[in-house]
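Structure first, commentary second.
Side-chain atoms are counted along with the backbone in the values below, which use heavy atoms only and exclude waters and symmetry mates. No experiment lies behind these values; they were computed from the predicted model shown.
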Amino acid sequence: LEKRLKRKEMNHPTKTCNKCKKSKSKKDFYNDRERKDGLSYSCKSCRSKYNKEYQKQNKEQIQKQRKEYRIKNRAEVLKQKKQYYENNKEQIQKRQKEYEKSRRKSDPLYRCITNTRALISHSFSNQNVSKKSKTFEILGCSPKWFYEFWLEEKYNPPHSHLDHIVPASLARDEQEVIVLNHYSNFQVLSASDNVKKGNRYISLQGLNKVLANHPNVNFIKRIIKREG
């Protein structure tokens, strides 16, 4: 019987899909140990369409089941994620860089967020202090409000720069770094104006804007007074 089945398979290198009724190569079918021929009854294409439609119709139920599974098997899920990352580290990092590069070009808000995060992180590292809070907790506002309202959507690197009105370099400790990274201490300058300004100059107009909006005015005044 086994010999007859093998001869039959050799004589019929194709299989008919029960869904689309098309005769296709056996490579177009998934393996299925429970079936006599060892292949699924529907082709890969039909199976893919079915899965997509099922997920679409049962989206909430599937999300709920996945969430419950992650909660019940948290340690195992984290272990699998870590292992997957280690096995595909270079590919994942390459994909992430390509995604970020593409989004930075097309999404000005995202570009503002990433540059603001980098600028604030840099001001902490200059003081040899670790950044312990999230960027927009330190900033004191949402990313969207910061970009659209405070910066008035004028930030467009590399033609313009994000600048500290009272230079962050004047900070002497962690608390002062936090104070000088409040949203009210940021402004948009042209690239040339920012280079001319340097890291010590404080304009009166800019300072008045900071004092009118900063929640810790006394801190700002103390830094200004100290620097003369």
query: Would E76 and R70 pass as an ion pair if we require N to O under 4.0 Å?
result: no
task: Flag the pair K44 / F29 as yes when at least one side-chain heavy-atom distance between them is below 4.5 Å, and no otherwise.
output: no
Audit row: E148, K154, salt bridge (Lys or Arg N to Asp or Glu O under 4.0 Å) steps and yes/no: CA-CA 8 Å; E148 293 182 355; K154 293 179 180 178; over 6 Å; no
query: Would you find a donor on one side and an acceptor on the other, under 3.5 Å apart, between the side chain of H161 and the backbone of D163?
result: no
- request: Flag this pair as yes if the NZ/CZ of R111 is under 6.0 angstrom from the six-membered ring centre of Y155 and inside a 45 degree cone about the axis; otherwise no.
  value: no
- prompt: Does S125 use its side chain to pair, donor to acceptor, with the backbone of H122 at less than 3.5 Å?
  reply: yes
- prompt: Can K144 be said to sit on top of W150's aromatic six-ring, NZ or CZ under 6.0 Å from centre and within 45° of the ring axis?
  reply: no
query: Is a side-chain donor-acceptor pair under 3.5 Å present for Q55 with N51?
result: no
- request: State whether the side chain of S203 and the backbone N or O of G206 hold a donor-acceptor pair below 3.5 Å, judged by distance alone.
  value: yes
statement: Those residues at least two apart in sequence (or on a different chain) that pass side-chain contact (heavy atoms from CB on, under 4.5 Å) with I178 are F124, I138, E174
Name the atoms and distances for all side-chain donor-acceptor pairs under 3.5 Å in residues 56-63, with sequence neighbours left out.
unit_1	atom_1	unit_2	atom_2	d
Q57	NE2	E53	OE2	2.8
N58	ND2	Y54	O	2.8

- prompt: Is the backbone of N216 close enough, under 3.5 Å, to the side chain of H214 for a donor and an acceptor to pair up by distance?
  reply: yes
- request: Say whether, by atom type as modelled, one donor and one acceptor occur between the side chain of S130 and the main chain of K132 under 3.5 angstrom.
  value: no
message: With heavy-atom distances below 4.5 Å as the criterion, would you say the side chains of Y85 and Q80 are in contact?
response: no
- prompt: For the side chain of D107 and the backbone of R103, is there at least one donor-acceptor N/O pair under 3.5 Å apart?
  reply: no
Short side-chain to backbone donor-acceptor contact, N87 and Q83, under 3.5 Å: yes
Side-chain donor or acceptor of K131 paired with backbone N/O of S133 under 3.5 Å: yes
task: Starting at OG of S142, measure out to CZ of F146 and round the result to the nearest 0.5 Å.
output: 10.5 Å
- prompt: Just by modelled atom types, is the I120 backbone N or O under 3.5 Å from a matching donor or acceptor in the S123 side chain?
  reply: yes
